[in-house]
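Nothing fancy with the numbering, it's 1 onward along the sequence. Keep in mind that what you see is a predicted model, and the values were worked out from it rather than measured.
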Amino acid sequence: METKKYLTKSAFKIALSCPQKLYYYGRPDEYENANANDEFLESLAEGGFQVGELAKIYCDVPDDCDLKNLMGHEKSLQRTQELMQRDQVNIAEAAFCFGNLFVRVDILKKDGNRIELIEVKAKSWNPETDNFISSRPKGAVASGIRPYVYDVAFQKYVVCQALKELYPNEDYSVKAFLMMADKSKRADIDGLNQLFKIEKNQQGRAEAVMASDARQRIAESKVQVVTPFDVDELCDTIIAGETTEQTTDKNPTCMGMRFVPFIHWVADFYCNGQRCPAPIELAGKCLKCEFHCIADSDKKDGKRECWLTQVTEDDYDHRPLIATLNGSSLSTNRGKWVSEGKYFMDQLTETELKPFNEKTPDAPGLDDYQRKWLQIGMETKNEDILSRFREHLNGNIYLDVDGLRTEMAKWKYPLHMIDFETTAVALPYYIGMKPYEQVAFQFSHHIIYEDGRIEHAGQYLNEDVTKFPNFEFVRELRRQLSHDEGTIFRYATHENSILRAIAGQLADSNERDKDELIAFIRSITHEKDKNHNLVYQGERDMVDLLQVVKRYFYQLDEMHGSNSIKQVLPAVLNSSDYLKQKYCQPIYGSIIPSCNIKETEPLAWIKLEADGHVDSPYHQLPSVGALIGMSEEEMEQMEQLSTDEKDFEVANGGAALTAYNKLMFCEGQGMNDALRQALLRYCELDTMSMVFIWEYFHDMVTKKK
């Protein structure tokens, strides 16, 4: 039984984020970690498992040199040393130890005394446009790539030191590479992603299993879509402590000291099971610390422990933190506020936020800052602030009926609600595609007629996963939307962005109808330049229902700082007696036609809990999590990842894209049918949620004449 504790790559990554977290990270049975499954979920969503296996093929790693199944430190170290006796060898998961530092190198290539250290990441990289070094400040590692390069530098430091100890008479040279999905390359074979199937091994760990013909298929390819980029000199500069972010007075990367001293400093207290000896200083990132407890957890809350060194228990538990203040545009200000000791909403004044009266010109309804003031007033029960909104307030509900009426008068019936599901993974699905190029695999479409009739009018789900769906996707969308000139709605910017991306794909294609399809896309989308100036706007440009919500509606109990449709839906349902009475009846699928719900088995979308609260309609759907082997907690984390600014380009619903990715290579018609039905039902509810929002607005506008 191994008892020695090491500073590993994962622990080093945590230390770079915040050394205080190491104490919580090192006690997984004691402290909650909301990101415990993030690495698995990201790899599942973006294709990280497949990238790792493909890299082994590109780097010619034989099966007997793949150490991924050797779990213990000693076994992996021993096997690595055995393989290192060979003059030429390529090893996956090679293990090295120096003192209390330990690394597993993704791929190590040995040719005599020359060693290549290759860290494999599913991160996208375009060598034509991306840079490792930032121009501001000059000489700093670019912030977006910094954690990855620092990871490689840590490995190079440990490997070099270990080799000196193990082979003092040898003169090894170690060169470092970062192998990433190369966005300048186009796949020259179909189904690259499908050559690796995700399964769980006997230890319960997910791994990519190669198809029997994978090596042969890849050998036929002339293009390597995963490319090793030379970061050796940069790693040497980092190890020497000479990159700008280490030498400036303000030092966020290495917490106030140079690279090598920092490594040994954190390793000493971490490996001895001690807390970080530095005093706790709260920063903006502390607002989103992952070591916090979820509801009903029996574990400790590390985030709370840190905060209680600076604030009282009563304040932390009862005063609303600025973390939940709506609007991502305030992320940099939050850090400034925390550094000034302003942790709670009731500490914010017009010094921190734009004054209430300085409204954005020509913006109907609430602008972003007024919406923030509204939330602050409601969260803190500040009557002076709330008095500014009193005309449209009813308890914890803000609804500007007059503004909505003016807005809704611009809409032309019939109204069309659409929602897309897309995926963008590291390894291209189809020939000619680049890594992380968008694939639009599904949409749902509800129609609302002027007389109040509602129907689930259409949908699309790519039935043949071996064929590129984007162009057929647009053809079907065009067919369904071309029967009238009614207003089209989306929720947020995703649909606009995806259609513009497909227009670019069409422009590069040889499709016979590409001009007609591009013209259709331009008619329902718009584009702005980098300065937010309008480049074009289609005559039937989609209306963003999210912006309508943000300008005219807010409900404290369900939304707090979130405008996600998953939060707005229960806010609307719990605010409307009309919706409760209508949809507690089993009318969906019969009175309201559905593409997926049988007329003989209609559904009641609303179910009331014991206290009268409306249960989320999403809870009535078949569990996608169960079908793709994820727990409910993992599903919630996946959905959270889908809305965060992660490197992988996830848009609407991490669980949906993961289900589609599984559909791409799952076996058995039963699983195919179950996944297909789950995807259709979830996407249908996404557009029905938009209908619920419209119905609530329409009912309230109609009542108040």
Side-chain angles (χ1 to χ4, degrees), residues 6-19 22 77 80 84 91 94-110 113-121 123 125 131-134 137-168 170-180 228-271 276 278:
Y6 292 96
L7 185 75
T8 62
K9 289 196 295 184
S10 297
F12 172 70
K13 179 181 177 182
I14 293 289
L16 280 181
S17 169
C18 171
L22 281 174
L77 287 167
T80 298
M84 288 289 289
I91 311 170
F96 293 90
C97 170
F98 172 60
N100 53 7
L101 311 177
F102 178 89
V103 297
R104 297 287 292 264
V105 178
D106 285 343
I107 296 174
L108 183 135
K109 302 175 75 172
K110 179 178 183 287
N113 284 6
R114 294 188 300 274
I115 289 177
E116 292 184 0
L117 181 160
I118 303 171
E119 170 70 7
V120 182
K121 295 290 185 186
K123 178 176 173 60
W125 191 255
N131 296 294
F132 288 104
I133 298 296
S134 172
K138 187 176 181 180
V141 182
S143 58
I145 196 68
R146 188 179 298 167
Y148 305 94
V149 181
Y150 268 64
D151 184 353
V152 184
F154 175 67
Q155 293 179 59
K156 178 172 181 178
Y157 174 73
V158 175
V159 170
C160 287
Q161 298 303 316
L163 290 173
K164 289 178 184 177
E165 282 193 340
L166 290 168
Y167 314 105
E170 299 287 343
D171 185 20
Y172 281 107
S173 67
V174 179
K175 193 166 186 178
F177 295 85
L178 189 52
M179 197 169 192
M180 297 179 285
F229 296 97
D230 187 342
V231 292
D232 191 61
E233 288 188 14
L234 182 53
C235 285
D236 287 343
T237 307
I238 291 170
I239 292 170
E242 295 173 355
T243 51
T244 300
E245 70 275 2
Q246 295 184 68
T247 57
T248 53
D249 293 335
K250 292 185 178 180
N251 197 342
T253 303
C254 287
M255 314 306 292
M257 62 183 75
R258 304 294 176 91
F259 187 79
V260 173
F262 174 75
I263 290 173
H264 290 286
W265 176 63
V266 297
D268 284 346
F269 66 76
Y270 172 71
C271 296
C276 174

Report yes or no: does Gln246 contribute a side-chain atom to a donor-acceptor pair with the main-chain N or O of Phe259 at less than 3.5 Å?
yes
Could you grab the distance from atom CG of Asp151 to atom SG of Cys235, nearest 0.5 Å is fine?
9.5 Å
Could you label the plane-to-plane angle of the Trp265 and Phe262 rings as parallel, tilted or perpendicular, counting under 30° as parallel and over 60° as perpendicular?
tilted
Where Ala153 and Ile238 come nearest, the two heavy atoms and their spacing
CB-CG2, 3.9 Å
Strictly by modelled atom types, are Tyr150 and Gln155 linked by a side-chain donor-acceptor pair under 3.5 Å?
no
Using a 4.5 Å cut-off on heavy atoms from C-beta on, say whether the side chain of Tyr167 contacts that of Tyr172.
yes
Shortest non-hydrogen contact from Val141 toward Leu234
CG2-CD1, 3.9 Å
What distance separates Met84 CE from Leu108 CG, expressed to the nearest 0.5 Å?
6.0 Å
Using 0.5 Å steps for rounding, measure from the CD1 atom of Ile263 to the CZ atom of Arg258.
14.0 Å
Begin from the C-alpha positions of Phe132 and Trp125 and carry the test ring-ring contact (aromatic ring centres under 6.0 Å, His included) through to its verdict.
CA-CA 10 Å; Phe132 288 104; Trp125 191 255; 4.5 Å; yes
Scanning both residues in full, the closest heavy-atom pair of Ala95 with Arg104 reads CB-CD, 3.6 Å
Verdict with reasoning, Phe229 to Met179, per side-chain contact (heavy atoms from CB on, under 4.5 Å)
CA-CA 6 Å; Phe229 296 97; Met179 197 169 192; over 6 Å; no
Is a side-chain N or O of Ser134 found less than 3.5 angstrom from the main chain of Ala142, in a donor-acceptor match?
no
Using the side-chain contact (heavy atoms from CB on, under 4.5 Å) rule, take Lys110 and Ile91 through it: C-alpha gap first, then chi angles, then the decisive distance, then the call.
CA-CA 8 Å; Lys110 179 178 183 287; Ile91 311 170; over 6 Å; no
Can you run down the side chain to side chain donor-acceptor pair (under 3.5 Å) pairs that involve residues 228-239, sequence neighbours left out, and say none if there aren't any?
Lys156-Asp232, Lys156-Asp236, Lys175-Asp230
So, using salt bridge (charged side-chain N to carboxylate O under 4.0 Å, His left out) as the criterion, who are the partners of Lys9 when residues are at least two apart?
Asp106, Glu119
Specify the closest pair of heavy atoms between Val266 and Pro19, including all atoms of both residues, with the distance to one decimal.
CG1-CB, 4.3 Å
Taking C-beta and beyond as the side chain, do Lys109 and Ile118 meet within less than 4.5 Å on heavy atoms?
yes
Check whether Thr8 reaches the backbone of Val103 with its side chain - one donor and one acceptor, N or O, closer than 3.5 Å.
no
Kindly give the heavy-atom pair with the smallest separation between Gly139 and Glu245, and that separation in Å.
O-OE1, 4.4 Å
For the atom pair CG (Asp268) and CG (Leu7), what is the distance rounded to the nearest 0.5 Å?
10.0 Å
With the side chain counted from C-beta on, respond yes when Ile145 and Leu178 share a heavy-atom pair under 4.5 Å apart, and no when they do not.
yes
With a 3.5 Å cut-off and sequence neighbours excluded, list the donor-acceptor pairs that the side chains of residues 157-164 form with protein atoms.
unit_1 : atom_1 : unit_2 : atom_2 : d
Tyr157 : OH     : His264 : NE2    : 2.7

How long is the gap from CZ on Phe269 to CG on Leu22, to the nearest 0.5 Å?
5.0 Å
Rounded distance [0.5 Å steps], OH in Tyr6 versus SG in Cys271:
9.0 Å
Is there side-chain contact between Leu101 and Phe96, with heavy atoms separated by less than 4.5 Å?
no
